[in-house]
**Student:** 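Before I ask anything, here is the structure I am working with.
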Amino acid sequence: DTEVTQTPKHLVMGMTNKKSLKCEQHMGHRAMYWYKQKAKKPPELMFVYSYEKLSINESVPSRFSPECPNSSLLNLHLHALQPEDSALYLCASSPTDSLSSYNSPLHFGNGTRLTVT
Amino acid sequence: ELKVEQNPLFLSMQEGKNYTIYCNYSTTSDRLYWYRQDPGKSLESLFVLLSNGAVKQEGRLMASLDTKARLSTLHITAAVHDLSATYFCAVTINNNDMRFGAGTRLTVKP
């Protein structure tokens with residue numbers, strides 16, 4: 001069982017809808033991540049939050065809006081998505097904001113499979 | 001720009017055979033990770049390699065790291081069907097920026 005919990009597991013939305021993906025961890029980790037994974041492709045980094053502040057935004061379109069209400073929660077707000085945004089969205093966490101100083105991998109959730117119609 | 005290259009991208013092997021997956025990366029990194037992903041599932045961490053010459057083993061999988069050559073290998077010994085999955089290597093740059101290779105899709109056949 002993963003210690004990073006993502007909801008919902010599946011989401012189907014129209015291009016005019018507004019929805020949110022949620023991610024929660026209770027491991028005391030201080031960095032949280034959003035990755036996007038298209039079918040048969042590697043995960044691609046979207047956003048990183050360190051100590052509840054956005055530290056990396058990989059030039060993600062504004063129709064994706066991240067939010068970190070506290071150190072345990074990470075949201076991804078979706079609005080006016082396109083069919084090509086359909087993918088598996090993975091949340092991950094790490095103990096610190098510096099993977100280079102900690103001997104631990106990212107801890108991934110089970111993902112939300114998003115379909116945009 | 002960091003490039004992480006894996007080969008082969010597809011690997012079909014018979015049970016009982018040995019094989020090696022290679023991961024090359026283009027810039028200095030002090031961490032190399034191997035993950036496994038089953039179809040439709042999340043990523044499971046296999047190994048974290050921290051230094052030059054590091055070798056770690058878990059069951060039929062053994063990973064090594066040569067930071068001078070910027071090369072990591074994942075060796076599979078006496079493959080079994082349960083090892084069928086996609087294997088990703090990843091490196092970190094700039095503290096918490098983790099980048100993945102394209103993945104190697106492994107199929108182990110009876």
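Scope of the values below: all heavy atoms of this structure, side chains included, with no hydrogens, waters or symmetry mates.
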**Student:** Just give me the residue among Asp97(B), Val4(B), Thr86(B) that pairs up with chain A most often, heavy atom to heavy atom, under 4.5 Å.
**Tutor:**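 Highest number of pairs under 4.5 Å: Asp97(B).
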**Student:** Identify which part of Gln6(B) has an atom lying under 4.5 Å from any heavy atom of chain A, answering side chain, backbone, both or neither.
**Tutor:** neither
**Student:** Would you find more than 12 non-hydrogen atoms of other residues, nucleotides or ligands less than 6.0 Å from Lys38(A) atom NZ?
**Tutor:**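 Counting other residues, nucleotides and ligands, NZ of Lys38(A) exceeds 12 neighbours.
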**Student:** Just wondering, are more than 12 heavy atoms of other shown residues or ligands nearer than 6.0 Å to CE in Met27(A)?
**Tutor:**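 It does: Met27(A) CE has more than 12 such atoms within range.
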**Student:** Backbone N or O of Gly109(A) within a donor-acceptor pair of the Ser42(B) side chain at under 3.5 Å?
**Tutor:** yes
**Student:** Taking C-beta and beyond as the side chain, do Pro43(A) and Phe88(B) meet within less than 4.5 Å on heavy atoms?
**Tutor:**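 Pro43(A) reaches Phe88(B) side chain to side chain.
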**Student:** Can you tell me how far CE of Met98(B) sits from CG of Leu45(A), rounded to the nearest 0.5 angstrom?
**Tutor:** 10.0 Å
**Student:** With chain A, which of Pro39(B), Gly101(B), Gly103(B) has the greatest number of heavy-atom pairs at distances under 4.5 Å?
**Tutor:** Gly101(B)
**Student:** Can you tell me if Glu58(B) has over 12 outside heavy atoms packed within less than 6.0 Å of its CD?
**Tutor:**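 Count not over threshold, so no.
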**Student:** Which bit of Tyr35(B) comes within less than 4.5 Å of chain A, counting heavy atoms only: side chain, backbone, both or neither?
**Tutor:** side chain
**Student:** Side chain, backbone, both or neither: which part of Glu58(A) has a non-hydrogen atom closer than 4.5 Å to chain B?
**Tutor:** side chain
**Student:** Taking all non-hydrogen atoms of both residues into account, name the closest pair between Lys41(B) and Leu88(A) and its distance.
**Tutor:**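 Closest approach of Lys41(B) to Leu88(A): O-CD2, 4.2 Å.
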